[in-house]
2 protein chains.
Amino acid sequence: MKKDSRLSSVLHALLHMAEQDKPVTSDILAMCMKTNPVVVRRTMGLLRNAGLVTSERGHAGGWRITADQNNITLFDLHEALGEPTVFAIGNRQDSPDCLVEQAVNSALDDAFAEAEALLIERFKTVTLANLAADFAQRHATYRQQKE
Amino acid sequence: MKKDSRLSSVLHALLHMAEQDKPVTSDILAMCMKTNPVVVRRTMGLLRNAGLVTSERGHAGGWRITADQNNITLFDLHEALGEPTVFAIGNRQDSPDCLVEQAVNSALDDAFAEAEALLIERFKTVTLANLAADFAQRHATYRQQKE
DNA sequence: CGAATCGTAACATTAATAGTTACATGAAAA
DNA sequence: TTTTCATGTAACTATTAATGTTACGATTCG
């Protein structure tokens with residue numbers, strides 16, 4: 001399966017938007033993320049449904065963050081994207097009659113559930129503001145190195 | 001992409017094989033797992049490379065477990081399968097020049113690495129013997145319910 | 001020899017994400 | 001009010017990776 005890279009994508013977009021006062025267009029976000037404006041709109045639309053961003057049509061339109069960056073966590077974004085499947089590994093068959101299959105699936109499901117719970121907890125601790133600070137740090141380091 | 005269900009598959013196969021003294025053919029395993037004998041051979045071949053099972057050709061040939069069931073963990077199988085990608089979520093792009101992307105990827109990679117480490121730890125604690133016991137338990141319960 | 005069985009290459013199918021094209025809708029500027 | 005810039009969205013295509021299938025060679029046993 002191809003990996004779902006939308007979480008990574010929207011984070012990139014949001015950080016770029018966070019540095020702008022005016023709305024950012026899908027075209028600009030698409031260029032900056034080397035993808036297609038329709039893909040941007042499709043994905044950002046999910047964030048809009050979750051109330052994290054707004055869009056404006058027409059001249060000087062585009063996308064804007066509405067929520068406080070301290071209050072947007074990775075989990076909020078994951079949730080806004082519809083809580084997509086986390087794992088690329090899974091059971092061979094659902095609702096099996098076979099008792100062997102049930103024992104196997106049960107063990108695997110438990111393990112995956114634990115790992116997913118940890119991931120979700122981690123997602124809840126990281127805010128957009130944290131990432132912005134990390135970026136600022138990297139930027140400062142980068143500028144120092146150039147001198 | 002489709003989920004990788006080989007771990008679930010080989011567990012099913014191994015548990016069935018564990019109950020047999022003689023080798024089990026790919027055809028029988030395939031029927032029991034509702035898949036194709038070639039798929040069985042392809043996947044079991046990886047376990048053979050890891051020394052967990054052996055295969056015999058010709059008449060009365062087939063697959064046999066060699067390792068002790070107490071010493072085969074889910075992790076051993078995961079490893080034998082080539083440690084396939086665990087997550088269906090990932091970064092949009094590898095080795096990005098963009099510092100924003102670097103900050104985003106770094107945060108995500110950390111979270112995924114933690115969750116994967118937990119999963120692997122869990123995998124290491126579950127043996128084939130554990131699953132066989134769980135199956136036996138389910139079987140006993142099932143027989144009781146029928147009475 | 002002949003049947004049973006694995007080994008494996010080559011190709012087809014399926015499932016899921018991402019990308020593209022096309023066009024409708026709405027808002028602001030000229 | 002017309003033009004231009006933007007989002008909204010449906011429909012289709014492309015990509016990617018797993019799984020399934022066909023075909024045939026190699027090996028072992030009776």
Side-chain angles (χ1 to χ4, degrees), chain A residues 1-10 12-13 17 20 22-49 53-64 66 78 81-94, chain B residues 1-10 12-13 17 20 22-49 53-64 66 78 81-94:
Chain A
M1 166 165 61
K2 249 183 196 170
K3 283 194 171 189
D4 182 339
S5 60
R6 291 175 305 162
L7 182 56
S8 168
S9 280
V10 297
H12 194 152
M17 286 159 62
Q20 304 283 328
K22 50 185 187 181
V24 184
T25 66
S26 305
D27 273 35
I28 287 175
L29 288 175
M31 262 185 294
C32 144
M33 295 159 57
K34 290 171 192 151
T35 179
N36 189 293
V38 176
V39 173
V40 171
R41 288 200 276 275
R42 193 187 287 159
T43 312
M44 295 297 287
L46 297 172
L47 303 197
R48 186 188 47 226
N49 296 345
V53 303
T54 54
S55 60
E56 296 161 42
R57 300 214 251 196
H59 259 286
W63 301 89
R64 217 192 280 265
T66 49
H78 178 64
L81 294 174
E83 306 202 39
T85 305
V86 169
F87 296 105
I89 298 179
N91 295 331
R92 202 173 52 75
Q93 185 186 27
D94 284 334
Chain B
M1 154 177 63
K2 257 181 191 169
K3 282 194 174 190
D4 182 340
S5 61
R6 291 175 304 163
L7 181 55
S8 169
S9 280
V10 297
H12 193 151
M17 285 160 62
Q20 302 285 328
K22 51 185 186 181
V24 183
T25 67
S26 306
D27 271 36
I28 286 177
L29 289 174
M31 261 185 294
C32 144
M33 297 157 57
K34 290 169 191 152
T35 180
N36 189 295
V38 177
V39 174
V40 171
R41 286 200 278 272
R42 194 189 285 159
T43 312
M44 295 297 288
L46 297 172
L47 303 197
R48 185 189 46 226
N49 295 344
V53 302
T54 53
S55 60
E56 295 161 43
R57 300 213 247 198
H59 259 288
W63 300 91
R64 219 193 276 265
T66 49
H78 177 65
L81 294 174
E83 304 202 40
T85 305
V86 168
F87 295 105
I89 298 180
N91 295 331
R92 204 174 49 76
Q93 187 187 25
D94 284 333

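Below, chains carry the letters A, B, ... as their sequence lines are ordered, and counting in each starts from 1.
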*Asks:* Any side-chain N or O of B:R48 under 4.0 Å from OP1/OP2 of C:dG7?
*Replies:* yes

*Asks:* Is B:R41 close enough to C:dG7 that one of its side-chain N or O atoms is under 4.0 Å from OP1 or OP2 there?
*Replies:* no

*Asks:* Select from B:V24 and A:P84 the residue whose nearest nucleotide in DNA chain C is closer to the 5' end of that strand.
*Replies:* B:V24

*Asks:* Any side-chain N or O of A:S5 less than 4.0 Å from the OP1 or OP2 oxygen of C:dA18?
*Replies:* yes

*Asks:* Examine D:dT7: is either OP1 or OP2 under 4.0 Å from a nitrogen or oxygen in the side chain of A:S26? Give yes or no.
*Replies:* yes

*Asks:* Grab the CG-P distance between A:D27 and D:dC5 for me, whole Å please.
*Replies:* 11 Å

*Asks:* Sugar-phosphate means primed atoms, P, OP1 and OP2; the rest is base. With that split, encode nucleotides 24-30 of chain C 5' to 3' as B, S or - using protein heavy atoms under 4.0 Å.
*Replies:* -BBBBS-

*Asks:* With heavy atoms under 4.0 Å as the rule, sort A:D4 into base, sugar-phosphate or nothing.
*Replies:* sugar-phosphate

*Asks:* Donor-acceptor pair under 3.5 Å: do we get one between B:K2's side chain and the base of D:dT19?
*Replies:* no

*Asks:* Among the nucleotides D:dT19, D:dG20, C:dA9, which one has an atom lying closest to any side-chain atom of B:V38?
*Replies:* C:dA9

*Asks:* Identify, between A:R42 and A:G62, the residue whose nearest nucleotide on DNA chain D lies closer to the 5' end.
*Replies:* A:G62

*Asks:* Is the shortest side-chain N/O distance from A:S55 to OP1 or OP2 of D:dT7 below 4.0 Å?
*Replies:* no

*Asks:* Checking side-chain polar atoms at under 3.5 Å, does A:R64 have a donor or acceptor matched by the opposite partner on A:T54?
*Replies:* no

*Asks:* Between P on D:dT9 and CG on A:L46, what's the gap in Å once rounded to a whole number?
*Replies:* 11 Å

*Asks:* Between D:dA6 and A:T25, is there an OP1 or OP2 to side-chain N/O distance shorter than 4.0 Å?
*Replies:* no

